[in-house]
Amino acid sequence: MKRISVISPCFNEEENIRTCHETLKAIFAIELPNYQLEHIFADNASTDRSVEILREIAVADPNVKVILNARNFGPFRSLFNALRYATGDAVVVFMPVDLQDPPELIPEMVRHWESGIEVVAGERANREETKALRICRRLFYRIVNALSDFEIPENVGEFQLIDRKVWQALISHNDQYPYIRGMIASVGFRRLILPYTWRARKRGISKNNAARLIDQALNGIFSFTDVPLRICTFLGVFVAFLAILYAVISVLVGLFVPGVAPRGTMTIIAALFFFSGVQLLFIGIVGEYITTIHAQVRRGPVVVERERINIDAPATSARARMCGSSEVT
């Protein structure tokens with residue numbers, strides 16, 4: 001019997017966890033009876049009853065595995081750490097406990113995987129969200145795809161089923177702030193995209209806010225391309241050329257047409273503020289790359305785990321080093 005691993009990160013989701021587990025279990029029992037479900041929950045230090053509910057589910061169902069983080073490490077780090085414990089022949093990278101991505105699509109994903117497709121990605125063709133947020137998402141994907149040397153499909157998130165080979169390539173990354181959908185796109189393999197409607201949350205509140213979405217967007221841009229740095233270089237050379245050209249013209253005008261020479265005060269003020277803004281922009285872009293490099297070279301753990309339930313400890317120290325995580329028991 002082949003095994004399908006499904007990863008579900010959660011944070012303060014006491015209203016959704018049990019429904020998510022029961023829904024997936026029913027889908028596998030009815031539509032995928034010849035496959036074993038391995039459901040991995042990664043809790044990001046919830047402060048409600050989420051942990052208590054996860055313990056109850058794990059006791060009743062040995063196919064449920066639980067990772068309890070020592071603190072909130074953010075959705076991407078928590079998800080990537082949980083991926084390392086997947087043992088399935090195929091892995092559903094992300095199944096939200098609020099079921100905004102439809103679990104009913106998983107059987108179709110499995111059928112395409114069995115036909116030889118190594119990455120079956122869900123595309124949020126229709127979103128039950130505001131128009132402003134939809135425009136921002138579209139703009140983000142256009143920027144990322146224009147700057148990177150591979151394509152990240154628009155409206156494709158982490159709700160993807162990947163083959164074991166793709167999983168191995170994915171977890172070989174040693175990234176302190178993993179942008180998982182970009183990493184999956186970067187490793188290649190045969191891919192099929194299935195459109196679906198991204199549903200509005202029915203219970204609880206979303207943990208994403210504007211600041212977190214902006215942070216994720218910047219991480220996606222700066223993780224996979226150095227084009228912004230090159231743009232800074234070329235634009236800097238171009239602006240310097242214009243400044244030299246303006247200086248030469250000003251000198252010539254002052255020498256040969258003294259009465260027409262500009263007085264210069266407003267020009268100097270405007271140029272000062274313009275170049276100051278350009279410099280601050282460039283410093284900010286360079287700072288983003290330096291921050292990423294700093295986090296990477298420090299080699300800290302991606303996630304510190306407080307406890308694992310129904311999960312065996314890593315078999316070797318090499319596996320532990322590869323996982324980049326620590327456990328406190």
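All of these numbers come straight from a predicted model, not from anything done at the bench.
- Distance check, rounded to the nearest 0.5 Å: CD of E56 to NE2 of H21 gives 12.0 Å.
- Heavy atoms only, all atoms of each residue included: I193 and P195 are closest at O-CD, 3.8 Å.
- Checked by atom type, the side-chain pair D43/S50 shows no donor-acceptor distance below 3.5 Å.
- Put simply, CD1 on I180 and CD1 on I171 are 12.0 Å apart, with the number rounded to the nearest 0.5 Å.
- Applying the side-chain contact (heavy atoms from CB on, under 4.5 Å) rule to D89 yields the partners K2, R3, W113; only residues at least two apart in sequence or on another chain are considered.
- Taking 4.5 Å as the limit, every side-chain heavy atom of I4 sits out of range of all side-chain heavy atoms of L32.
- No donor-acceptor pair closer than 3.5 Å links the side chain of S78 to the backbone N or O of P75.
- Of the possible donor and acceptor atoms, none in the side chain of W167 sits under 3.5 Å from a partner among the backbone N and O of V93.
- By the side-chain contact (heavy atoms from CB on, under 4.5 Å) test, R55 is found to be paired with V51, L68, R306, E307, I309, residues two or more places apart in sequence or in another chain being considered.
- Scanning all heavy atoms of the two residues, the minimum distance from R18 to I53 falls at NH2-CG2, 3.6 Å.
- Taking the six-membered ring where the residue is Trp, F159 and Y196 present perpendicular rings, their angle passing 60° and hence far from 30°.
- Nearest heavy-atom pair, M1 versus P33, reported as atom, atom and distance to 0.1 Å: CE-O, 3.9 Å.
- By the 4.5 Å heavy-atom criterion applied to side chains, H112 and L194 are counted as neighbours.
- Rounding to the nearest 0.5 Å places CD1 of I162 at 9.0 Å from CZ of R164.
- With E158 contributing its side chain and R181 its backbone, the two residues share a donor-acceptor pair below 3.5 Å.
- No side-chain donor-acceptor contact under 3.5 Å links N44 to the backbone of F11.
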Exercise for the section: Go through E305 and N81 one step at a time and tell me if the side chain to side chain contact (heavy atoms under 4.5 Å, CB included) criterion holds. Expected result: CA-CA 9 Å; E305 299 167 2; N81 181 62; 2.8 Å; yes
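- A heavy-atom distance below 4.5 Å is found between the side chains of D101 and R124.
- Of the possible polar contacts, none joining the E13 side chain to the V97 backbone as a donor-acceptor pair under 3.5 Å is found.
- Closest approach of E38 and G88 over heavy atoms only: OE1-N, 3.8 Å.
- Within the model, atoms CZ of F28 and CG of N63 stand 10.5 Å from one another, a figure rounded to the nearest 0.5 Å.
- By the 6.0 Å and 45° rule, R71 stacks over the aromatic ring of F73.
- Nearest heavy atom pair, residue M109 against residue G122, reads CE-N, 3.8 Å.
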Practice task
List the steps, then state whether side chain to side chain contact (heavy atoms under 4.5 Å, CB included) holds for S46 with L54.
Solution key: CA-CA 11 Å; S46 295; L54 288 172; over 6 Å; no
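- Within the structure, salt bridge (charged side-chain N to carboxylate O under 4.0 Å, His left out) pairs that include any residue of residues 19-28 comprise K25-D61 (at least two apart or interchain).
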Handout entry: Worked verdict on V166 versus Q160 for side chain to side chain contact (heavy atoms under 4.5 Å, CB included)
Key = CA-CA 11 Å; V166 184; Q160 306 184 46; over 6 Å; no
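- We find the CD1-OH distance between I40 and Y85 to be 10.0 Å, quoted to the nearest 0.5 Å.
- A distance of 7.0 Å separates OG in S5 from NZ in K65, rounded to the nearest 0.5 Å.
- Remark: the N16 side chain and the D98 side chain contain no N/O donor-acceptor pair separated by less than 3.5 Å.
- Shown here for A45 and N72, the closest heavy-atom pair between the two residues is CB-N, 3.8 Å.
- One N or O on the side chain of N310 and one on the backbone of V64 form a donor-acceptor pair closer than 3.5 Å.
- Two different hydrophobic clusters hold I27 and L161 under the rule that ILVMFWY side chains link at heavy-atom gaps under 4.5 Å.
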Exercise for the section: Applying side chain to side chain contact (heavy atoms under 4.5 Å, CB included), run through F189 and K165 and close with a yes or a no. Expected result: CA-CA 9 Å; F189 294 97; K165 297 190 295 292; 4.2 Å; yes
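- Listed for the E118 side chain is a donor-acceptor partner under 3.5 Å among the backbone atoms of R190.
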